[in-house]
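Encoded as structure tokens, the structure appears first; notes follow it.
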Amino acid sequence: MKEQDNELKIPEPLRADWFMVLVTIQADLIYNALVVLSSPFFLLYRSYRRAVATVSAAEKAVKRAPSRIAGGAGRVVRRTWFGILGACHVSMVMVLALILAVVIGVGIVSLYVEKPVVVRDRLFFDYTEENPSAVFSFDKKKKSFSVPVGHSVHVSLVLWMPESEFNRRIGVFQLKVELLSLKGETIARSSQPCMLRFRSKPIRLARTFVMSVPLIAGIANEAQTMRIDALKHQEKWPRTKAVRATLVPRAQTWTLPQLYEAEIVINSKPPWIKRMAYNWKWTLCVWISMYLYVAILTALLWCFRPVLFPYTSSRITAESENLEIEVVEEEQEVMERRRRERRNQPRQRSFATTQKSIRAEARLAPRLEAGSLSGRPSPTLSVFPGGLQPPCEYRSSQR
């Protein structure tokens, strides 16, 4: 039965508004087609209207141009002049800030960085003494210096000795070096043996034969230069003020070597951090100067802006004054409007009250007539700012 019912099912009827839907679809299609076809013409018309408007605006601007050009030219010249002056002023302030930053940066680096001491000077041994000695003082009239605390001091001696038979026979001798304080106390001491380099007789003869021409011409000489690293010391308190070198003969002998010339070489080596700072001192100067320059500019911008931008500050103050004046004027206008409103309000009230008084008089007229007929005295009306009012007796009787 269920299968038969499904086979005999009645189809749904068509919608009643199908004709309207079809007409609406066709109307939309026609409208869209007309819009697409007519859109170029509308665009041309709008562009034509805009062109006409721009031409008319240009004509009006050309007519008003002379006065505007004169005012505009003056403004342009004035602004250009103020701009040039402002640029010069800002450049001058920035250059002065840069110079100040460079001076401070170089001063800070020079205060922190310690330059290594390098001294080379001649020594003169006093052979009138039993043990000839020579003293080199740091406090000289021409070149006075001092080794900073914490530096490592290296003292070396350079002896220029002839290759004479006397020096070859002496052989070994002792060299003693001492560091002296300001009070003459010995801070450090070192002693080490020295001697000429050995050369056999055939070597000396061969060398003399080869170097005969330079020796005869005086270009070369028969001498040896001996460099001795005598002392190494860490500078501390008490400070070093002099170096003393002494020649001591070998034991059981009294002969001392012959010297052409003697020199002392003093080199100081700063600590690792200060040595790095000394090697990179110009880089440190540049970076510290740039940081200080940025800090100075920031301080000028935050605390001393009128110094850097005087024109803008004056303009800002003028604008603030103008705004204050405008605010005061607006407040005065508002007060005047309120006063006018207050003045106009009583007039409106008096007009309304007059209308009310007229109505009240019209109401009181029959009563007055009735009172006159009854023989009572007719009350007179008095005019007050609120309108026409009856006298006090009438009002009391009415009450």
Side-chain angles (χ1 to χ4, degrees), residues 57-58 61-62 64-119 138 142-152 235 239 267-332:
V62 168
R64 299 175 182 176
S67 60
R68 291 184 178 180
I69 288 172
R75 290 179 182 176
V76 169
V77 172
R78 195 181 302 108
R79 290 182 179 179
T80 306
W81 177 247
F82 279 116
I84 293 170
L85 290 178
C88 294
H89 178 77
V90 172
S91 302
M92 182 181 68
V93 173
M94 292 179 71
V95 169
L96 292 176
L98 181 60
I99 293 171
L100 180 62
V102 170
V103 170
I104 296 174
V106 173
I108 292 171
V109 173
S110 63
L111 287 175
Y112 178 75
V113 174
E114 294 177 352
K115 186 178 179 181
V117 178
V118 179
V119 179
F138 292 175
K142 294 182 179 180
K143 295 180 180 179
S144 61
F145 67 95
S146 62
V147 179
V149 178
H151 284 216
S152 298
E235 184 65 17
R239 305 292 298 277
N267 294 322
S268 72
K269 190 176 181 181
W272 180 78
I273 296 175
K274 293 189 176 181
R275 187 166 65 251
M276 291 293 294
Y278 177 75
N279 293 331
W280 293 85
K281 61 180 179 179
W282 295 115
T283 305
L284 289 176
C285 287
V286 172
W287 281 104
I288 291 174
S289 300
M290 291 302 296
Y291 282 125
L292 289 173
Y293 180 63
V294 173
I296 290 170
L297 287 183
T298 305
L300 286 175
L301 288 173
W302 279 98
C303 303
F304 304 99
R305 186 181 289 270
V307 176
L308 194 59
F309 304 109
Y311 176 70
T312 54
S313 61
S314 61
R315 187 177 64 184
I316 290 170
T317 53
E319 290 179 356
S320 62
E321 290 177 358
N322 293 331
L323 288 174
E324 291 178 357
I325 292 169
E326 289 179 358
V327 169
V328 171
E329 291 179 353
E330 289 179 357
E331 291 179 355
Q332 291 179 356

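What you are looking at is a predicted structure, and each value in this text was computed from that prediction instead of being measured.
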* Check against side chain to side chain contact (heavy atoms under 4.5 Å, CB included), Ser268 and Glu235 -> CA-CA 9 Å; Ser268 72; Glu235 184 65 17; over 6 Å; no
* Test log, rule side chain to side chain contact (heavy atoms under 4.5 Å, CB included), inputs Val119 and Phe138 -> CA-CA 10 Å; Val119 179; Phe138 292 175; over 6 Å; no
* To do: Tell me, with the steps shown, if Leu100 and Leu96 meet side chain to side chain contact (heavy atoms under 4.5 Å, CB included).
  => CA-CA 6 Å; Leu100 180 62; Leu96 292 176; over 6 Å; no
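Note that CG of Leu297 and CH2 of Trp302 are 14.5 Å apart. Values are rounded to the nearest 0.5 Å. Taken from OG1 in Thr298 to OH in Tyr293, the straight-line distance is 10.5 Å, to the nearest 0.5 Å. Note that CG of Leu85 and OG1 of Thr80 are 11.0 Å apart. Values are rounded to the nearest 0.5 Å. The CG atom of Leu98 sits 7.5 Å away from the CE atom of Met290 when rounded to the nearest 0.5 Å.
Scanning all heavy atoms of the two residues, the minimum distance from Val117 to Pro148 falls at CG2-CD, 4.0 Å. Between Ala97 and Ile296, the closest heavy-atom pair is CB-CG2, 3.8 Å. The heavy-atom pair separating Ala101 from Ser289 by the smallest distance is CB-O, 3.4 Å.
Using a 4.5 Å heavy-atom cutoff, the side chains of His151 and Pro271 are in contact.
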Donor-acceptor contacts, no H, no angles, side chain residues 273-285, under 3.5 Å, sequence neighbours left out:
residue, atom, partner, partner atom, Å
Lys274, NZ, Glu114, OE2, 2.9
Arg275, NH1, Pro270, O, 2.9
Asn279, ND2, Arg275, O, 3.1

